[in-house]
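Report on the following structure.
When reading the values below, keep in mind they use all heavy atoms of this one structure, side chains included, and skip hydrogens, waters and symmetry mates. Protein chains get the first letters and strands the later ones, always in sequence-line order, with residue 1 at the start of each.
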There are 2 protein chains.
Amino acid sequence: MKQTGDLNLVKKINKSIVLHYIRNHSPISRARIAELTGLTKATVSSLVNELLESSLAHEIGTGKSSGGRKPVMLLFNRTAGYALGIDLGVHYIRAVLTDLNGVSVEEYKVQHDNAKVELAIAELKACIREMIRRAPESVYGIIGIGIGIPGISDGLGQVLFAPNLGWANVPLQQIIEDEFGIAVVIDNEANAGAVGEKEFGAGRDADNLVYISVGIGIGSGIIIKGELYRGSSGFSGELGHMSIQHDGGTCRCGNAGCWELYASENALYESARALLLGDKAGRKMEMETLLSLAEDGHEGVIKLFAQVGHFLGVGVVNIINGFNPERIIIGGRLAEAAKWLRPSMLQSMEGRSLPYPRERLQVEFSQLGSRSAVLGACSFAISKFFVSTKVSVE
Amino acid sequence: MKQTGDLNLVKKINKSIVLHYIRNHSPISRARIAELTGLTKATVSSLVNELLESSLAHEIGTGKSSGGRKPVMLLFNRTAGYALGIDLGVHYIRAVLTDLNGVSVEEYKVQHDNAKVELAIAELKACIREMIRRAPESVYGIIGIGIGIPGISDGLGQVLFAPNLGWANVPLQQIIEDEFGIAVVIDNEANAGAVGEKEFGAGRDADNLVYISVGIGIGSGIIIKGELYRGSSGFSGELGHMSIQHDGGTCRCGNAGCWELYASENALYESARALLLGDKAGRKMEMETLLSLAEDGHEGVIKLFAQVGHFLGVGVVNIINGFNPERIIIGGRLAEAAKWLRPSMLQSMEGRSLPYPRERLQVEFSQLGSRSAVLGACSFAISKFFVSTKVSVE
DNA sequence: TAAGTTTGTTTAATGGATTTACAAACATTC
DNA sequence: GAATGTTTGTAAATCCATTAAACAAACTTA
């Protein structure tokens with residue numbers, strides 16, 4: 001109950017709607033926008049002119065007539081500025097520069113050894129500096145920086161806790177904003193991945209989706225009614241620590257029989273070590289190794305993948321029954337093995353889930369691969385930009 | 001992207017805000033509302049006058065001066081109309097009439113034998129007729145009827161499927177609206193319970209909460225950001241069919257090791273039958289029996305409750321870790337045994353859940369008991385009324 | 001009694017959207 | 001090719017909810 005209504009709000013709402021149609025239905029004419037939105041032609045004209053002035057849209061020439069004056073077609077000016085997305089991994093930093101439509105124009109990846117907080121931040125800054133250098137000329141320049149982190153943030157730009165980085169209470173947003181003078185958004189890596197898939201990947205036109213990032217552990221991002229759900233303390237994404245075996249083995253989190261003990265890279269490697277102890281003893285277990293063994297027809301490894309796929313399905317069923325999303329997207333390293341996981345996953349899914357919530361559900365593997373989080377980070381930056389330029393509500 | 005902005009919308013928003021303050025901070029003066037909302041005194045005055053005209057508020061006299069003219073205190077007129085809530089159970093129909101604040105003024109309960117759809121509907125109509133007869137005189141009369149059903153609805157007033165009633169595709173909203181000419185809202189019983197607890201019970205001032213109705217099975221209602229989450233096909237509430245034992249026994253739903261096989265009335269009775277086969281053979285298992293045995297210090301029964309409490313905790317942990325709500329409310333028949341369930345439930349909860357999401361979490365048993373669903377149904381009716389009278393947004 | 005405060009209304013100004021009117025550009029038809 | 005009707009986009013007038021400013025009434029305090 002904070003936001004009261006006034007003329008300013010009305011304009012913001014309508015401008016946001018008009019821009020939405022220009023972004024998603026382009027090329028489009030003023031008349032058609034008026035028709036689709038219910039706003040009058042005069043209102044649309046006036047708002048479009050403001051968008052033209054602020055370089056967020058431009059006229060692309062006339063379109064086909066349908067029996068009268070030719071319409072002037074409008075296009076979203078996606079190169080009016082660029083968003084910088086960062087995926088801050090445990091051993092790497094991945095950066096992507098996108099235009100305002102989220103289309104990548106520059107990519108960059110560096111390893112970092114993650115020794116001390118200060119060093120990692122220095123690496124991060126160097127990486128950002130490099131991307132700024134590479135950015136094309138544009139009206140708005142770099143409009144924002146989104147950073148996905150392997151930990152939890154407080155929603156105010158602090159990294160509360162990132163165990164694998166060894167970080168606690170780092171005011172990362174402040175640090176980067178002070179350094180570059182550019183708006184910064186921080187969020188969990190799985191949340192970023194969820195937004196990435198929703199905006200640019202397998203989650204488009206889904207309003208309720210769950211993104212599951214299966215790597216060493218299992219993280220997740222939940223989108224409800226089109227908006228990221230962060231939980232009541234910014235901590236919604238630990239579906240990996242949902243127990244699927246109440247008397248199962250103890251997890252490092254304290255719970256028993258956690259999903260990620262059965263369906264994660266770690267789970268896979270552990271079984272693989274046991275299986276291959278004889279003929280491949282001592283070899284470091286890696287995804288590439290297992291994938292090539294499977295390609296070569298190694299039955300034991302193929303069965304291994306099938307087993308992990310089965311357990312993936314068991315957890316997915318819990319999400320389906322409890323949550324009834326319209327889409328579930330599996331991402332992370334393990335998604336690279338989609339080919340070997342899918343059949344058994346679908347089988348246990350179809351055998352176990354309730355028919356009603358399964359009806360309109362789609363389960364898919366990530367379309368963006370390892371880039372979903374970094375592209376989601378770009379989306380954070382873009383959203384923030386549109387809110388701050390008052391062409392978006394809330 | 002449907003709702004465009006215009007002056008009408010602005011007024012609706014502000015009127016809704018003003019009414020909100022009158023409802024929740026009464027008695028309150030115009031000046032204080034202006035101060036709290038940021039609206040000008042003139043705007044507040046004008047909106048309040050409209051609310052007075054429509055009988056939704058009234059002036060209660062002057063309040064204490066704080067060094068100037070005495071303020072005129074405003075009160076929400078909670079008896080301007082009455083809401084009728086119905087809990088359509090499998091063997092009973094419970095009806096409650098409340099004022100616009102959700103305070104009960106009439107209650108009624110009948111048994112029905114649930115033989116045929118037509119008969120049940122006839123019973124329902126008779127029940128509604130009786131409550132209408134009992135309703136006090138008021139400006140608006142019965143402002144709406146909310147009905148909670150043990151099944152799923154399509155959000156458009158159809159009961160899609162209610163297995164325990166034997167219903168499928170019954171256009172219940174249409175039927176009741178045609179009969180009485182009063183607006184009707186239909187929703188799942190667990191959803192109604194969640195709303196009931198949020199508005200009037202243990203869930204007040206919680207924005208993200210999960211209500212778990214533990215009866216014969218386990219149903220649930222999820223409230224996110226203050227709004228009911230119905231899932232993508234109106235079917236979000238089957239947390240009872242989340243597996244907590246991937247290789248556990250087969251459930252009637254097709255899944256294995258479902259939560260409700262371990263933590264429900266049925267689970268309790270089944271274990272109780274095994275336990276008491278010797279000394280109480282043949283006795284019909286009922287909650288009252290077990291509760292009185294526990295009160296008498298029967299150790300076996302006390303252990304039984306503790307075990308069910310433990311499994312309740314196992315499932316609750318999954319909700320905490322995956323969902324991070326700020327409140328979890330346990331309702332339904334089994335909540336009557338709160339005293340015997342709580343210790344073991346809390347124990348497994350605290351031993352198993354992640355510390356971060358547990359931090360701000362409260363787990364409580366229902367405050368409304370068997371009345372949560374029926375009061376939630378009233379809340380549905382009241383909300384719909386306020387939307388239709390344009391003193392509420394969306 | 002005088003001065004200052006608080007409350008709630010009145011009046012004029014503001015700035016959005018809508019309504020109505022209209023000119024330009026175009027396709028179609030005879 | 002001229003007449004007709006359609007479509008597009010702009011302009012002017014009007015509408016209306018909020019804001020800002022002024023004010024009167026009611027009250028406390030010194």
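Distance CD (B:Glu35) to P (C:dG8): 12 Å, rounded to an integer number of Å. Counting to the nearest Å, the C1' atom of D:dA11 and the CZ atom of A:Arg30 are 14 Å from each other. Here the C1' atom of nucleotide C:dG8 and the CZ atom of B:Arg32 are 16 Å apart, to the nearest Å. Between the P atom of C:dT18 and the CG atom of B:Leu9 lies a distance of 11 Å, rounded to the nearest Å. A:Leu74 has its CG atom 12 Å from the P atom of D:dT8, to the nearest Å. Between the CD atom of B:Glu50 and the C1' atom of D:dA17 there is a distance of 10 Å, rounded to whole Å.
Residues A:Asn8 and A:Ser66 each lie close to DNA chain C; by heavy-atom proximity, the contact nearer the 5' end of the strand is made by A:Asn8.
Heavy atoms of B:Val72 sit under 4.0 angstrom from primed sugar atoms or phosphate atoms, though from no base atom.
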Report, as a single string ordered 5' to 3', how protein heavy atoms within less than 4.0 Å touch nucleotides 18-27 of chain D: B base, S sugar-phosphate only, - not at all.
SBB----BBB

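For residues 66-82 of chain A, the set of pairs meeting the salt bridge (Lys or Arg N to Asp or Glu O under 4.0 Å) definition, not counting sequence neighbours, comprises A:Arg78-A:Asp99.
Checked against side chain to side chain contact (heavy atoms under 4.5 Å, CB included), A:Ala31 has the following partners two or more places apart in sequence or in another chain: A:Ser29. The side chain to side chain contact (heavy atoms under 4.5 Å, CB included) search around A:Asn24 returns A:His20, not counting sequence neighbours. For the side chain to side chain contact (heavy atoms under 4.5 Å, CB included) test, residues two or more places apart in sequence or in another chain that qualify with B:Ile176 are B:Leu124, B:Lys125, B:Ile128, B:Ile145, B:Ile147, B:Leu172, B:Phe180, B:Val184.
Contact check on B:Glu227 versus A:Lys225 returns a salt bridge, with a Lys/Arg side-chain nitrogen under 4.0 Å from an Asp/Glu carboxylate oxygen.
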Under 3.5 Å, which donor-acceptor pairs link side chains of residues 56-65 of chain B to any protein atom two or more places apart or in another chain?
residue	atom	partner	partner atom	Å
B:Glu59	OE2	B:Arg30	NH1	3.2
B:Glu59	OE2	B:Arg30	NH2	2.7
B:Ser65	OG	B:Gly67	N	2.9
B:Ser65	OG	B:Gly68	N	3.0
B:Ser65	OG	B:Gly68	O	2.6

